[in-house]
Participant: 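Below is the structure I would like to discuss, written out as C-alpha cells.
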Amino acid sequence: MIQFPKGFLWGAATSAHQVEGNNQKNDWWEWEKKVGLKDASGNACRHYEFYKDDFDLARQLNHNAHRLSIEWSRIEPEEGNFSTAEIAHYIDVIDALKQRNIEPIVTLHHFTNPLWFAKLGGWQNKKAPEYFLRFTNKIVGVLSDKVRFWVTINEPMVYVYHSYVLGQWPPQCKYLFKSQEVVDNLLLAHIKSYRAIHSIYKKVHLPAPCVSIAKNMQPFMPCIPNLKNKIGTYLRNKFFNLAFLKKLIRSRTLDFIGINYYTRGLIEVKRWGLENLFLDVCSKNHSSLRKNSLGWDIYPQGLYLILMQLKKYNLPVFILENGICTADDNLRWEFICEHLKNLNLAMQKGVKVLGYTYWSLLDNFEWAQGFTPRFGLIEVNYNNYQRTIRESARKYSLICEKGAL
Ligand code: BGC
C-alpha cells in the first residue's frame with residue numbers, strides 16, 4: 001500500500017469558461033464565433049446552474065478539495081463596473097464547497113479575458129497588471145474569509161505560446177521575441193496580486209493565505225540526441241519550464257509551486273535557426289509510448305522528474321492539474337495510479353506535496369479542440385447535460401477516502 005500524508009488534499013479541477021456555459025463577455029466567446037470553431041463553448045456543461053449538484057458528486061466521490069476559476073468577465077463585464085449579482089454567485093459557489101467540506105482552490109485567470117480588456121490590447125497593454133490587480137482586490141476582498149488557496153494565473157507560458165507565439169488562440173498573434181512583453185506583464189500581474197492578496201488577509205487579521213500560479217511543466221527530451229535537439233531541449237527547459245517560476249521565487253511571491261502535468265515534450269529541431277530552436281517539436285510521433293486521445297505521450301515518470309527538478313527550491317508543491325482525455329476509462333485509471341505512484345516516490349525523496357486535483361471533474365470544453373476530448377472523472381452528455389460517474393472516478397474516490405493507493 002502506498003500511503004499519502006494526513007491532511008493531503010484530494011480532488012479535481014475545472015475552469016470557468018470550460019464548464020460554466022454562456023460566458024458571453026469574454027474574448028474566447030467572441031473569437032469562437034468569429035473563427036467558426038467546430039464547437040463553440042455555448043452552454044458548456046451548464047455548471048453555472050448545476051454547480052451544487054456537481055459538488056454533491058465530488059463529495060460523494062470523497063473529494064476534500066476542488067480547484068475552480070472565477071470568470072473575470074462576469075465580475076467586471078465593463079471596465080470598472082463590477083457586477084454585484086455575479087459576485088454573489090461566486091460567494092454561493094464557494095459556500096457550496098465549504099458546506100460540503102471541500103477546500104476551494106481558486107484561480108483568478110484561466111486563459112479568458114473580459115472583452116473590454118482584450119479590446120484595450122489585453123496582456124500587451126502596459127496597464128494590464130493594474131487592471132488585473134483591481135479585479136483581484138475586488139474578488140479577494142469578498143472571499144478572503146472563505147478561501148485559503150489562490151492561484152493567480154493558470155499556465156502563463158502555455159497561454160503566451162498559444163495566444164502570442166503560435167497564434168492559435170485569441171488574439172492570434174505570432175511573435176516570438178515580442179511576446180516577452182506579455183510574459184513580463186503576466187509576471188508583474190502575479191507579483192502585484194500576490195502582494196495585494198497577502199495584505200488583504202493581514203488587514204483583516206486572517207491567517208496568511210497560500211498563493212501561487214499553476215505552472216505547466218514538461219520534461220523536455222531530444223527525440224534523437226544530436227546537437228540541434230540538445231540545444232532545443234536546453235532552451236525549452238530554461239524558458240518554458242523554469243524562467244517564469246525562477247523570477248517569482250526570486251521575488252518571494254510563491255507560497256507553494258502549483259504544477260500542471262500532462263506529458264513530456266519530444267524535441268526535434270528541423271534546422272539551425274532561432275525560431276526552430278525555440279519552437280520545433282517532434283512531429284513524426286517517434287515514441288512508442290501510449291497516447292491520450294489528443295496524441296500526447298503518457299509519461300508518468302515525467303512527474304517524478306519534474307518534482308525532483310524543483311526540489312532545490314524548497315517550496316511545497318501542489319499538483320493542480322494532471323489528467324487524460326481518453327475513450328478508454330481503464331486507461332484513465334491506470335494513468336491516475338501511475339502518476340500517483342511517481343508523485344509518492346518524489347515525496348519519499350523529500351518533496352513536500354500538499355495535494356492533487358485531477359483534471360477534470362467533468363468532461364468539458366477543451367478550448368480549440370471543442371467537446372470531443374473527454375478528460376472527466378464524470379461523463380457529461382451534451383444533449384441533456386446528464387452526468388454519469390465513470391468507474392475510474394469511483395476507484396479514485398477510494399484513494400481519496402483512504403489517503404492511500
Ligand atoms: C489547461 C486546461 C486544459 C488542460 C488539458 C491545461 O493546459 O489548464 O484548461 O483543459 O490543460 O489540455
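Sequence positions, counted from 1, serve as the residue numbers for this chain. Order of appearance sets the numbers: ligands from 1, and atoms from 1 within every ligand.
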Participant: In terms of heavy-atom contacts, does NZ of K174 have more than 12 from other residues, nucleotides or ligands at under 6.0 Å?
Facilitator: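 No, the 6.0 Å shell around NZ holds no more than 12 heavy atoms from other groups.
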Participant: Would you say L362 and H47 make side-chain contact, with heavy atoms under 4.5 Å?
Facilitator: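 Yes, at least one pair of side-chain atoms sits under 4.5 Å.
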Participant: At a heavy-atom distance under 4.0 Å, which protein residues reach ligand 1? Sort them by chain and number, would you?
Facilitator: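 The 4.0 Å shell around ligand 1 contains Q18, H110, F111, N154, E155, N260, Y262, W296, E321, W359, E366, W367, F375.
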Participant: Is it true that D53 and Y385 share a donor-acceptor pair across their side chains at a distance under 3.5 Å?
Facilitator: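 No - no donor-acceptor pair under 3.5 Å links their side chains.
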Participant: For R332 and Y358, test the side chains for any donor-to-acceptor distance below 3.5 angstrom and give the result as yes or no.
Facilitator: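 Per modelled atom types, R332 and Y358 side chains form a pair under 3.5 Å.
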Participant: Give the ring-plane orientation class for W296 versus Y262, where under 30° counts as parallel, over 60° as perpendicular and anything between as tilted.
Facilitator: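 The arrangement is perpendicular - the two ring planes meet at more than 60°.
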Participant: Step through the shown structure and confirm whether more than 12 heavy atoms of other residues, nucleotides or ligands are within 6.0 Å of NZ on K146.
Facilitator: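 Yes, enclosed.
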